[in-house]
Protein chains: 2
Amino acid sequence: MADSLTDPKMAEKLDGLRMTKQRKVVYDVVQELAIDHPTASSVYTKAKEIMPNISLATVYNCLETLTEAGAITQVNLHREASRFCPNLQPHAHFFCAKCDSVFDVNLNEQADASEPWNLPDGSKIQEMNVAMRGLCPNCQDS
Amino acid sequence: MADSLTDPKMAEKLDGLRMTKQRKVVYDVVQELAIDHPTASSVYTKAKEIMPNISLATVYNCLETLTEAGAITQVNLHREASRFCPNLQPHAHFFCAKCDSVFDVNLNEQADASEPWNLPDGSKIQEMNVAMRGLCPNCQDS
DNA sequence: GTTTATATCAAGAACTATTCTAATAAAGGG
DNA sequence: CCCTTTATTAGAATAGTTCTTGATATAAAC
């Protein structure tokens, strides 16, 4: 599969990173549960089925390492528990207020579409957050 | 000013809400510090200058109430402390990775612009998050 | 291969931002 | 004003996450 850790492009991202058994398990679990956008503790629960001695701290460490390496991304809404997503394509996330599910939303292919996001039919947005991190003009110079 | 609590449109939003002294102070402080996008504790520090006996819990309560009423919005990036913003126009937020400042970013007026966000010249995006909350098709029906 | 350096792991303590609890106080309607 | 409702306060509690320590494992240097 394209997003496998053994994929050459992914290997490049993970350059200099030790692919330990724990990291592999954590990454595989995030892939397996991708559709749920699992939290750290969901990943922990599932990872223990494969590696019973793995600790929650290690799961947190692995998730952080994989995120920094760019293999997965951290997904948040307000201050709810972080969720993790192995989809590296540019996309947004929709959080259902009722059933607590989270799903990926792709950009609309048609540039002239009225709605930039390709939401499933029948979903209704109540709130939208757009945040960017980077360097401001002042900090860019120094 | 247009965003004042005494503005008729704002009054409508706050319908049914008791405008207590504390809520007024908290709202005024958020307005005053708007450019900084203050955290709850920044609001608390400033609010105490005006009302020395106000408690942190009250600041949190007021911020929550004002947010629910639609008078301010809660702004987050990952799980950093929430920040609050009295700008009710649709806009995004830019978090500087170096100086920790946060600023408003408006939508580009020109529909055909290459970049949908009107970023200040010289700023550089490293990461972008788009999240929506609402009802998914399944939950819409039930 | 042995030694030395570096990175990772596990367990639990510590931390931060936030929410909850229970008692007191303040608003607003009659 | 009085009464009911709602808000405030201070401090305790909580959730999610990060940190610390010592033990292991891996890699690098010799």
Side-chain angles (χ1 to χ4, degrees), chain A residues 5 14-30 36-69 71-84 95 100 102, chain B residues 5-6 11 14-30 36-48 50-69 71-85 95 100 102:
Chain A
L5 286 175
L14 301 176
D15 190 41
L17 197 71
R18 277 191 204 163
M19 190 42 59
T20 63
K21 290 188 192 96
Q22 286 85 348
R23 286 176 185 171
K24 177 105 183 56
V25 166
V26 166
Y27 182 80
D28 288 348
V29 168
V30 173
D36 300 331
H37 292 79
T39 60
S41 78
S42 307
V43 172
Y44 175 52
T45 301
K46 192 80 184 175
K48 273 200 296 191
E49 293 176 10
I50 302 159
M51 185 181 266
N53 292 322
I54 197 167
S55 76
L56 179 57
T58 296
V59 169
Y60 272 106
N61 287 339
C62 293
L63 288 170
E64 185 185 10
T65 305
L66 291 167
T67 300
E68 280 170 3
I72 60 178
T73 54
Q74 184 182 339
V75 173
N76 294 92
L77 185 57
H78 298 315
R79 285 188 43 96
E80 292 163 22
S82 294
R83 291 163 172 266
F84 296 87
F95 292 71
D100 283 324
V102 178
Chain B
L5 284 175
T6 53
L14 302 177
D15 190 41
L17 199 70
R18 277 193 199 165
M19 191 40 60
T20 63
K21 291 190 191 91
Q22 287 85 350
R23 286 177 185 171
K24 177 106 184 58
V25 167
V26 167
Y27 182 79
D28 289 347
V29 168
V30 173
D36 299 332
H37 293 80
T39 61
S41 78
S42 308
V43 172
Y44 176 52
T45 301
K46 192 80 184 175
K48 273 200 296 192
I50 302 160
M51 185 180 267
N53 291 322
I54 197 167
S55 76
L56 179 57
T58 296
V59 169
Y60 271 105
N61 287 339
C62 293
L63 289 170
E64 185 184 11
T65 305
L66 291 168
T67 300
E68 279 171 3
I72 60 176
T73 54
Q74 183 183 339
V75 174
N76 293 93
L77 185 58
H78 295 318
R79 283 186 46 96
E80 292 163 23
S82 293
R83 292 162 171 266
F84 295 87
C85 179
F95 292 70
D100 282 324
V102 177

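Every chain is numbered from 1 and lettered A, B, ... according to where its sequence line falls, protein lines coming before strand lines. A quick note: this is a predicted structure, and the numbers were derived from the prediction, not measured.
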Hey, does A:V59 have a side-chain heavy atom less than 4.5 Å from the side chain of A:V25?
-> no
Consider only side-chain N and O atoms of A:Q74 and A:T67, and report whether a donor and an acceptor are under 3.5 Å apart.
-> no
Between the side chains of A:T45 and A:S42, does any donor sit under 3.5 Å from an acceptor?
-> no
Between atom [atom1] in [X] and atom [atom2] in [N], what is the gap in whole Å?
X: B:R23; N: D:dT6; atom1: CZ; atom2: P; result: 11 Å
X: A:E68; N: C:dT8; atom1: CD; atom2: C1'; result: 14 Å
X: A:N53; N: D:dA25; atom1: CG; atom2: P; result: 12 Å
X: A:L63; N: D:dT17; atom1: CG; atom2: P; result: 9 Å

Residues which pass side-chain contact (heavy atoms from CB on, under 4.5 Å) with A:E80, listed by chain and number, not counting sequence neighbours = A:L77, A:F95, B:R133
What pairs with B:K21 under side-chain contact (heavy atoms from CB on, under 4.5 Å), at least two apart in sequence or on another chain?
-> B:M51
Going 5' to 3' through nucleotides 17-29 of chain C, assign each nucleotide B (protein heavy atom under 4.0 Å from a base atom), S (under 4.0 Å only from sugar-phosphate atoms) or - (no protein heavy atom that close).
-> SBBB-----BB--
Under 4.0 Å between a side-chain N or O of A:T58 and OP1 or OP2 of C:dC9?
-> no
Non-neighbouring partners of A:T65 that pass side chain to side chain donor-acceptor pair (under 3.5 Å), sequence neighbours left out = none
Minimal heavy-atom distance between B:F84 and B:A40, with the atoms involved, is CE1-N, 4.2 Å
Do any pairs count as a salt bridge (charged side-chain N to carboxylate O under 4.0 Å, His left out) and have a residue in residues 39-68 of chain A, sequence neighbours left out, and if so which ones?
-> A:E32-A:K46, A:K46-A:E49
Mind pulling the stems DNA chain D is in, i.e. runs of at least three Watson-Crick or G-U pairs, everything under 3.5 Å?
-> C:1-30 with D:1-30
